[in-house]
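Below, read A as the first sequence line, B as the second, and so on, with proteins coming before strands; counting in each chain starts at 1.
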Amino acid sequence: MVVRAVRGMKDILPDEAVRWQRLERTFRTLVERAGYGEVRTPHIESTELFVREIGEDTDVVGKEMYSFQRHDDALTVRPEGTAGAARAYVQNNLAALEPVSRWYYIGPMFRAERPAKGRYRQFHQAGCEVYGDEGPACDAEMIDLCAELVQAFGVRDFVVHVNSIGSAGTRARYRDELAKYFTPMSAALSEDSQRRLATNPLRILDSKDPRDREASQGAPRVTDVLSDDDAAHLAALRRYLDELGVPYVLDPRLVRGLDYYTRTLFELKITTGELGAQDALLGGGRYDEMISHLGSKRPVPALGFAMGLERVLAVTPAGEARPGPECYLAPMLERATGPALVLGKALRQRGISCELDGRGQSLKAMLRRASAMKARLAVLLGEEELERGEVTLKDLERHEQTRAPLATAVEVALAMLASSGAAAAGSAGSA
RNA sequence: GUGGUUGUAGCUCAGUGGUAGAGCACUGGAUUGUGGUUCCAGUGGUCGCGGGUUCAAGCCCCGUCAGCCACCCCA
């Protein structure tokens, strides 16, 4: 093998693609029912967009972006979907067109991290964004939607984590307080956290290092420093979640690594350990300042989440295999291939899926293949059939076959499919 | 980016420095034109790649690439 897929990126072949299609279809259905419309934004944006919105000191921007220079433009292949969607929202002046916009997207994202279980350099996210509604009901509804989504995919063992880091002023104040708290004990922290002390003290809180856990014990809690408004927002959100019956845990250590978040943060984690250290299936929160930050004349609150599709697929039952063709056309000699082609075309025009075996192999080999593909009907065209202007139609499930004139073969095939197909009609809802 | 671990047939894997293997899959036959089972046979290998040690390397050593796992971070 000379050329391989680049590290951390992989092919999704047809047998696996059916699972992706089912997942995406379910996502679209549920999310559209909740009022979201699809947005498709460019996969490449100016580097500045991500640097400004995600934050210069975050790992995503600092070391994980695929960035390149094209003539005078500094460009980046998107590492996440929120910044680009927000940019599109502002650029297209949606705030002037409608008070509230609900958007969703599905597509690939790119981060140059070291690959691991549930983590790839090209990965796929499906996410939603709401612009223009700052009320906590909106947050509660979105979190509920997230739980509904993963349940629809067949995920059972998960827990929703919720936190608030307050609006911009609160967040900065909390950050300073944490720095003040941790600085005197900096020697007792892990090496990573000593670095975090300077770049992002919030992150020390969700460190896995026992030294940091110990040191965090007496640290000030976000919930204690929230402004009255922020606290009321969180309290209302919690009340709504209770009314909706969404189980969740209030997790004061939930921080998240993107700088744009304000107030509500949430994450949905799998609890089975199937994903190793990458236990977050989906994460999101509020980013009430981004729209102004992007130059919008009027401030617009915003809220969003993104779900990792590879991760969801990794913890989701496989579902049904890719369906085989309804008809499998098996010409037994070269002279039969032309009529078989024509018959195949006629069948497809009547809506019957069919596949032609042009390999020139034995009938046995062709039937074996038809059977392996779970075709419903095999259409046999050999010497005898050709002489009489007929075909043999074989029902592979019932082990019955009949002869029919070529001219009526399509009708006979339709009738046979209709009579034998009832059992195979049900399709599973799970991805 | 750091550490660990694994790379042998399409897949899953055995292989103790001395002839490259099994099961599954695929193809053919037993069955001059019928799927499954069974039986028989066959195709398929730069042993990830590159160096080194040795009379001799899939096996030992070094490097490199890739997968996986953990850390960092995140979906």
Other residues, nucleotides, ligands: >12 heavy atoms within 6.0 Å of A/Arg359 CZ: yes
Donor-acceptor side-chain pairing of A/Arg368 and A/Ser371 below 3.5 angstrom: no
Nearest-angstrom distance, P atom, B/U37 to B/G28: 15 Å
Watson-Crick/G-U partner (both atom distances under 3.5 Å) of B/G63: B/C49
B/A20 and B/U46, which share atom name P, separated by this distance in whole Å: 14 Å
N/O (side chain, A/Ser362) to phosphate O (OP1/OP2, B/G33) under 4.0 Å: no
Minimum-distance nucleotide to A/Glu384 side chain [options: B/G35, B/G33, B/C72]: B/G33
d(NZ, A/Lys10; C1', B/A66) in whole Å: 15 Å
A/Arg7 side-chain N/O to B/G67 phosphate OP1/OP2 under 4.0 Å: yes
Side chain of A/Gln361 (C-beta onward), nearest among B/C68, B/C73, B/U27: B/U27
Side chain A/Gln278 and base B/A70 donor-acceptor under 3.5 Å: no
B/G23 pairs with, by Watson-Crick or G-U criteria that keep both distances under 3.5 Å: B/C11
Mate of B/U16 where both pairing distances stay under 3.5 Å, Watson-Crick or G-U: none
For the student: nearest non-hydrogen atoms of A/Tyr261 and A/Gly285, plus distance: CE2-N, 3.5 Å
Nearest-angstrom distance, P atom, B/G18 to B/A56: 14 Å
Pair A/Tyr131 + A/Tyr89: ring centers closer than 6.0 Å: yes
Under 4.0 angstrom between A/Arg111 side-chain N/O and B/C73 OP1 or OP2: no
Complementary nucleotide of B/C68, counting Watson-Crick and G-U pairs under 3.5 Å: B/G4
Distance test, side-chain N/O of A/Arg368 to OP1/OP2 of B/G28, below 4.0 Å: yes
Gap in Å between the two C1' atoms, one belonging to B/U53 and one to B/G10, rounded: 35 Å
Phosphate OP1/OP2 of B/U27: any A/Arg359 side-chain N/O under 4.0 Å: yes
P-based separation of B/U31 from B/C40 [nearest Å]: 16 Å
RNA chain B: 5'-proximal contact among A/Ala5 and A/Glu274 (nearest heavy atom): A/Ala5
A/Leu254, A/Val255, A/Leu281 screened by side chain to side chain contact (heavy atoms under 4.5 Å, CB included) with A/Glu267, the one that passes: A/Leu254
Spacing of the C1' atoms in B/A70 and B/C62 (rounded, Å): 26 Å
Sugar-phosphate, base or nothing in reach of A/Gly127, heavy atoms under 4.0 Å: nothing
Sugar-phosphate only, base, or nothing, as touched by A/Ala306 at under 4.0 Å among non-hydrogen atoms: sugar-phosphate
B/C69 phosphate, OP1 or OP2, under 4.0 Å from A/Arg114 side-chain N/O: no
Sugar-phosphate only, base, or nothing, as touched by A/Glu267 at under 4.0 Å among non-hydrogen atoms: nothing
base_contact_polar (B/U34 base, A/Lys394 side chain, donor-acceptor, <3.5 Å): yes
A/Lys117 vs B/C69: side-chain N/O to OP1/OP2 distance below 4.0 Å: yes
Exceeds 12 heavy-atom contacts within 6.0 angstrom, atom CD of A/Glu134: no
Distance in angstrom units between A/Leu254 CG and B/C73 P, rounded: 14 Å
Least distance between heavy atoms, A/Tyr105 atom then A/Phe305 atom: OH-O, 4.1 Å
Atom P, compared across B/G29 and B/G36: separation rounded to whole Å: 13 Å
Pairwise P distance for B/C49 and B/A9, with rounding to whole Å: 10 Å
